[in-house]
Structures are given as structure tokens and as C-alpha cells.
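Notes follow the structure.
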Amino acid sequence: MTNDVKEIFGSAGAPPAPPAPAALAAKVRTLAPSMTRSMQRVAEAVADDPAGCAALTVTGLAELTGTSEATVVRTARLLGYPGYRDLRLALAGLAAQQQSGRAPAITTDIAVDDPIADVVAKLAYDEQQTLADTAAGLDTVQLAAAVTALAGARRTDVYGVGASGLVAQDLTQKLLRIGLMAHAHSDPHLAVTNAVQLRSGDVAIAITHSGTTGDVIEPLRVAFERGATTVAVTGRPDSPVTRYADHVLTTSTARESELRPAAMSSRTSQLLVVDCLFVGVAQRTYDAAAPALSASYEALAHRHRATRRGP
């Protein structure tokens, strides 16, 4: 199936449901880096003051942010809402949640002279926020479809480089432990040569936070063209990698800073998605997965026992 055909069929059916109010802030954090500056101003305004913006008309929000009504509407649609009216309803819901006692989302940068106790506290907060944002923004329909494909796959290839390559290895190790055939590829040449062998009934997964990593996109494209079911795990749902993905699983990250590169927070959210995939597959294949897990534990148990030393 060509990409053009995929886009035609992908546009059919009912549009996805707008994100819940709790997912709005996560959506803003995820999509803001890929927005134009004017759209960023709108997105930041609604995330910072949902109650205030919920009371504004589209004209009022445009004036507040120094943009246009068209920009406000485009921003609402990019965030997943059919129009500004739907965004206002979500803002009102988010404001109500915050007023009921939910703590506002605040990301604190780590300074060079921060005491180690503060570093621990700030990193822990950012990790928690990243996980919460990813969970809130994860499309469970897409997730369930990916789980179904993995559970019935003849073979699964996972592509990732750098920090994402570690996540790819984590997923394949999990799948192998429940008796499924899976391979992680960080070498781009090896990834493509393996992707050529895939066909219908196989699964290929690309893990890339930016969604622009060529070494990951190329093998996914080859797998897609060979008829495999393709999945993209990315922080940018409108990035190039998604053109070759049947299913897109969006991750979130904490704000990048000098002492906290994107690779750290993106890996946290990617690992959550990987765990969701694995648990979902283990549920679907429980009768085979449970004995396989027990067998792997027993095979490795002697390596974890303390060795008694002689005198």
C-alpha cells in the first residue's frame, strides 16, 4: 500500500474524539515546539490561565494574545478540538479541576548551584509530570490497535537510535520473555535490510522523540511499503515518521533545559508507552505468556542467588 493510499483510507471514518480537559496541558507541552510563534502564544495562554481564557470569545483571545481569530481556531484544531467552542468547554473543565484542588503544572529548571536534595525533588517532579502528561494524552484506541497487531505478529522489529535505542531494546527484551519473536535495531543499515524481509502479519515500531530521525524513518518506510503493520512512538504527532505509521502513540516530555536534555524526559515517557504495549500484549496472550515468563525466571534464578563462599 502506498503512502497516498494510506492517507486516503486514513481520512475515512469518524474523527478522533477531542482530548479530555486533563489532557489539554499535556497536549500544549507536546505540540508547542512544532507550532508557529503566534500559535504558541495562544497555546501558552490557554494552558496558563484556562479559567480566564474560557471566558473569552475567539475575538477576545485573539486580542489577548496579539494574534488573529484564524490563528486561535487553527490552534484549537491542532490541539485536537473541532473548533474554538469545543476548546472553551475543555478550558472550563480544566479550570474546574484546578479549582477543586488539583495542583497546577509547574516545571522548575535545575540550576548549576542547586543542592543535590533540590535536584532530586525537581527531577522527581518532572518525571511524575511527564508520566502524567503521557498517560493523559495517550490515544487508547491507537494503543489497543497496536497491542492487537503485536499479539498476533509473526515477527516484530523495533527501530531506535541513541536514548530511543535503549527503549527499543527494553521492548524487545520484554516481548522475548513472553515467547514472541522481536528484534531491536540501532544500526540503520541492518534495520533496513531486516525491514525488507517484513510482510503482512509482521510489525515494525519506530521510536523517535523528534519524529525526524532519518535512521529510524527509513526502515519504517520500507516496512510500511512491504505491508507490515507500522507503529510510531513519538513526541511529535505531526512529524515525518507518522507518514509511514498505521498507529501513532504520542509521548510527552518535561521542558528541556541545559542540565536536562530532551533525551532524559523523552525516555521516561517512551518507557511508559513500552510498558503499556507489553502489558497489553501479555494480557492478550496470557495462556502462552505466563508459562514463558515463569520459564525465563526459573532459567535465570541461579544467577540471582547469593553464592556461598568457603572459609
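For reference, positions follow the sequence shown, starting with 1.
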Please collect all salt bridge (charged side-chain N to carboxylate O under 4.0 Å, His left out) contacts where either partner lies in [range], sequence neighbours excluded, each pair once.
| range | value |
| --- | --- |
| residues 180-198 | none |
| residues 268-284 | K174-D275 |
| residues 199-210 | R154-D202 |

Atom pair [atom1] ([X]) and [atom2] ([Y]), whose distance is rounded to the nearest 0.5 Å:
| X | Y | atom1 | atom2 | value |
| --- | --- | --- | --- | --- |
| I217 | R243 | CD1 | CZ | 9.5 Å |
| E225 | T230 | CD | OG1 | 10.5 Å |
| Y84 | T59 | OH | OG1 | 9.0 Å |
| T71 | M35 | OG1 | CE | 11.5 Å |
| R88 | L56 | CZ | CG | 7.5 Å |
| L249 | Q142 | CG | CD | 7.0 Å |

For the hydrophobic clusters of this structure (ILVMFWY residues joined by side-chain heavy atoms under 4.5 Å, transitively), does one cluster hold both L271 and V147?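 In one cluster: yes.
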
Does CZ in R85 sit with more than 12 non-hydrogen atoms of other residues, nucleotides or ligands closer than 6.0 Å?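 Atom CZ in R85 is not crowded, with 12 or fewer foreign heavy atoms closer than 6.0 Å.
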
Identify, with sequence neighbours excluded, every residue that meets side chain to side chain donor-acceptor pair (under 3.5 Å) alongside [X].
| X | value |
| --- | --- |
| T65 | T67 |
| T140 | none |
| R226 | none |
| R177 | S296 |

Which heavy atom of [X] sits nearest to which heavy atom of [Y], and what is that distance?
| X | Y | answer |
| --- | --- | --- |
| V248 | P237 | CG1-CA, 4.5 Å |
| C53 | L61 | SG-CD1, 3.8 Å |
| A228 | D246 | O-OD2, 3.6 Å |
| S210 | T234 | C-OG1, 4.1 Å |
| A195 | P219 | CB-O, 3.4 Å |
| A135 | L272 | N-CD2, 4.2 Å |

Evaluate the side chain to side chain contact (heavy atoms under 4.5 Å, CB included) criterion for residues C276 and L143: first the C-alpha distance (whole Å), next the side-chain angles of each, then the deciding distance (0.1 Å), finally the verdict. CA-CA 8 Å; C276 290; L143 177 63; 4.0 Å; yes

Are the side chain of T172 and the backbone of Q169 linked by a donor-acceptor contact shorter than 3.5 Å?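 Yes; judged by distance alone, with no hydrogens or angles, the pair exists.
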
Looking at A245, is its backbone amide N or carbonyl O close enough to the side chain of T242 to form a donor-acceptor pair, meaning the two atoms are under 3.5 Å apart?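 Looks like no, no N/O pair under 3.5 Å.
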
Should F278 and D170 be marked as a side chain to side chain contact (heavy atoms under 4.5 Å, CB included) after you check the CA-CA gap, both sets of side-chain angles, and the distance that decides it? CA-CA 10 Å; F278 169 72; D170 182 76; over 6 Å; no

Modelled atom types, side-chain donor and acceptor of R267 and Q270, under 3.5 Å: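 There is no such pair between these side chains.
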
Checking [X] now: which residues fulfil side-chain contact (heavy atoms from CB on, under 4.5 Å) with it, not counting sequence neighbours?
| X | result |
| --- | --- |
| V73 | V58, R77 |
| L150 | T156, L175, V203, I205, L277, V281 |
| V161 | T213, D215, V216 |
| T193 | L190 |

With salt bridge (charged side-chain N to carboxylate O under 4.0 Å, His left out) as the criterion, how do R155 and D157 come out once you've worked through the C-alpha distance, each side chain's angles and the decisive distance to 0.1 Å? CA-CA 7 Å; R155 163 182 161 184; D157 279 12; 3.2 Å; yes

My understanding is that only residues two or more places apart in sequence, or in another chain, count here; which of them pass salt bridge (charged side-chain N to carboxylate O under 4.0 Å, His left out) with E69?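 So E69 forms no salt bridge (charged side-chain N to carboxylate O under 4.0 Å, His left out) with any residue.
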
Check: V241 and L220 side chains under 4.5 Å, non-hydrogen atoms: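 They are in side-chain contact.
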
Is there a side-chain contact between N194 and H185, using heavy atoms and a 4.5 Å cut-off?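 Yes, close enough: below the 4.5 Å cut-off.
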
For a side chain to side chain donor-acceptor pair (under 3.5 Å) check, start with the C-alpha distance between T268 and E127, then their side-chain angles and the critical distance, and finish with the verdict. CA-CA 7 Å; T268 298; E127 297 283 350; 2.4 Å; yes

